[in-house]
Amino acid sequence: MKKHLLILVSAFSSLNFYAQDAKIAEECFKKADYKCAEEQYAKLAEKEQIQKFQSDYYNNLGTSQRRLGKTALAFKSYEAALRANPLSASVYSNLASLNSQRGSKAKALEYIDKGLQIEPENVDMYLTRSKIYESQGKKELALKDLNQILSFAADNIYAKTGLANLKKNSGDLEGALKDYNQLISEKPESLLYNGRADVYLKMKKSKEALVDVNKAISIDPKFSQSYVTKALILFDTAKPKEACTTLDKAVSLGYEKGLLADYYAKCTAAPAK
């Protein structure tokens, strides 16, 4: 009886220990302390015996590494997550997104096809595929995926901004601006102000763009994309030093530095002031 009791106490203590470690990892991630998150999730993934949980830890580990610019390690972590749980839609989504960003569009589409068989209403996968289709010049397919999201998630802000961005990238800046004005009137969020700032930038309205991007940052100071947009505005207004500092801020908040290589090249080329 005492032996069984000791086993139960030991098991409970172990579960409590894992729960505390998981909480620390989550807090590190929320605070954008991705180095801390990487360390914690690596420990959790190594110790975890239940495959579903282990997959989740490897998945989060991969995302932490991705935010740190450790792409090769992120791939390995996501692949380990998939081996631990081949039915995890979120892992397929992350592998698709990472492959897409690294230029492996065909591989990304394969992961999306498999992932959607597991979870047919996965917003992230439709968004990623829409962007891939757009990059391939397949506007109708991109539009179809965004509308597919709205068929089961009518208020999805990412799908709605995706539709506005399709117009923007097709050169219909007035149409995109009209869409963003409507969306902001309904729900003034950081993502929307950032999107409209980019439209203003393309319309060569730097003053309006800066007002909007600063509004986006004031609403959500941790939204890394806003700092990238602000950097582009600063480059456009001949303020390279401020732009480069702003790029660093975006990276510190988790934006992948590798995706900003062309912009950082301007920092290297910029004369010292």
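- From E26, atom CD reaches atom CG of N60 across 8.0 Å, with rounding to the nearest 0.5 Å.
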Go through Q65 and F75 one step at a time and tell me if the side chain to side chain contact (heavy atoms under 4.5 Å, CB included) criterion holds. CA-CA 9 Å; Q65 291 166 332; F75 268 120; over 6 Å; no
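- The two atoms that bring A81 and S55 nearest to each other are O-OG, 2.8 Å, heavy atoms only.
- Of all heavy-atom pairs between S206 and D236, the closest is OG-OD2, 3.3 Å.
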Exercise. Going through the checks in order, is the side chain to side chain contact (heavy atoms under 4.5 Å, CB included) test met by T229 and L232?
Worked result: CA-CA 5 Å; T229 303; L232 299 186; 5.6 Å; no
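- When the options T246, N194, D212 are evaluated for a side chain to side chain contact (heavy atoms under 4.5 Å, CB included) with K230, the one that passes is T246.
- Centroid-to-centroid, the aromatic rings of Y78 and Y58 stay 6.0 Å apart or farther.
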- Might you work through the side chain to side chain contact (heavy atoms under 4.5 Å, CB included) test for V123 and F152, ending with a clear yes or no? CA-CA 9 Å; V123 169; F152 61 80; 3.8 Å; yes
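- Between the side chain of N214 and the main chain of L210, a donor-acceptor pair closer than 3.5 Å is present.
- Judged by distance alone, with hydrogens and angles left aside, the side-chain atoms of E208 form no donor-acceptor pair with the main-chain N or O of Y200 at under 3.5 Å.
- One hydrophobic cluster holds both V213 and L247 under the rule that ILVMFWY side chains link at heavy-atom gaps under 4.5 Å.
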Item to complete: Let me see the working for E46 and K43 under salt bridge (charged side-chain N to carboxylate O under 4.0 Å, His left out), right down to the final yes or no.
Response: CA-CA 5 Å; E46 185 179 350; K43 292 176 184 177; over 6 Å; no
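- Salt bridge absent: K160 and D179 never bring a charged side-chain N and a carboxylate O closer than 4.0 Å.
- Within a 6.0 Å radius of OH in Y263, no more than 12 heavy atoms belonging to other residues, nucleotides or ligands are found.
- The CD1 atom of I233 lies 8.0 Å from the CG atom of D198; values are rounded to the nearest 0.5 Å.
- A heavy-atom distance below 4.5 Å is found between the side chains of I132 and L109.
- With hydrogens and angles ignored, the 3.5 Å screen pairs no side-chain donor or acceptor of Q51 with any backbone N or O of Q49.
- Annotation: the span from K105 atom NZ to E110 atom CD amounts to 14.5 Å, rounded to 0.5 Å.
- Checked by atom type and distance alone, the side chain of S104 never pairs as donor or acceptor with a backbone atom of S100 at under 3.5 Å.
- Of the possible donor and acceptor atoms, none in the side chain of S130 sits under 3.5 Å from a partner among the backbone N and O of L127.
- The shortest non-hydrogen separation linking Y255 to S224 is CD1-OG, 3.6 Å.
- A heavy-atom distance below 4.5 Å is not found between the side chains of Y92 and L116.
- The list of salt bridge (charged side-chain N to carboxylate O under 4.0 Å, His left out) pairs with a residue in residues 138-153, not counting sequence neighbours, reads R129-D145.
- Here the closest heavy-atom approach between residue I219 and residue P188 is recorded as CD1-O, 4.0 Å.
- In the hydrophobic cluster analysis, where Ile, Leu, Val, Met, Phe, Trp and Tyr join through side-chain heavy atoms closer than 4.5 angstrom, L173 is grouped together with I184.
- No path of Ile, Leu, Val, Met, Phe, Trp and Tyr side chains, each step under 4.5 Å between heavy atoms, connects L73 with L259, placing them in separate hydrophobic clusters.
- The two residues I217 and S226 come nearest to each other via the heavy atoms CG1-CB, 3.7 Å.
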Pair K167, E174 - check side chain to side chain contact (heavy atoms under 4.5 Å, CB included), show working. CA-CA 9 Å; K167 290 183 181 180; E174 290 295 341; over 6 Å; no
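- V251 is not listed as a side-chain neighbour of E256, based on a closest heavy-atom distance of 4.5 Å or more.
- In this structure, A89 and M125 approach most closely via the heavy-atom pair O-CE, 3.8 Å.
- Under the 4.5 Å side-chain criterion, counting only non-hydrogen atoms from C-beta, K249 is in contact with L253.
- Although no hydrogens or angles enter the test, the distance criterion places no donor-acceptor pair under 3.5 Å between the side chain of E189 and the main chain of L191.
- A donor-acceptor contact shorter than 3.5 Å is absent between the side chain of S97 and the backbone of N94.
- Residues C267 and F235 form a side-chain contact, since some pair of their non-hydrogen atoms from C-beta on lies under 4.5 Å apart.
- To the nearest 0.5 Å, atoms NZ (K31) and SG (C36) are separated by 6.5 Å.
- In terms of hydrophobic clustering, with Ile, Leu, Val, Met, Phe, Trp and Tyr side chains grouped at heavy-atom distances under 4.5 Å, L68 and L95 are assigned to different clusters.
- Taken together through direct or relayed side-chain contacts under 4.5 Å among Ile, Leu, Val, Met, Phe, Trp and Tyr, F29 and L98 form parts of separate hydrophobic clusters.
- Using a 4.5 Å heavy-atom cutoff, the side chains of Y133 and Q136 are in contact.
- Between the side chain of S88 and the main chain of N85, no donor-acceptor pair closer than 3.5 Å is present.
- Judged by distance alone, with hydrogens and angles left aside, the side-chain atoms of D172 form no donor-acceptor pair with the main-chain N or O of K168 at under 3.5 Å.
- Two residues are said to be in side-chain contact when any heavy atoms from C-beta on lie closer than 4.5 Å; S93 and N122 meet this criterion.
- One N or O on the side chain of Y126 and one on the backbone of P120 form a donor-acceptor pair closer than 3.5 Å.
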#### Entry: Chi angles and distances behind the side chain to side chain donor-acceptor pair (under 3.5 Å) call for D248, Y264
CA-CA 9 Å; D248 289 339; Y264 268 112; 2.6 Å; yes
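- Within the structure, every pair that satisfies the salt bridge (charged side-chain N to carboxylate O under 4.0 Å, His left out) test and touches residues 67-84, not counting sequence neighbours, is listed here: E38-K70.
- Residues N165 and Y158 bring no donor and acceptor atom of their side chains to less than 3.5 Å of each other.
- In this structure, CG in L183 is found 12.5 Å from NZ in K178, a value given to the nearest 0.5 Å.
- Note that NZ of K131 and CG of N169 are 10.5 Å apart. Values are rounded to the nearest 0.5 Å.
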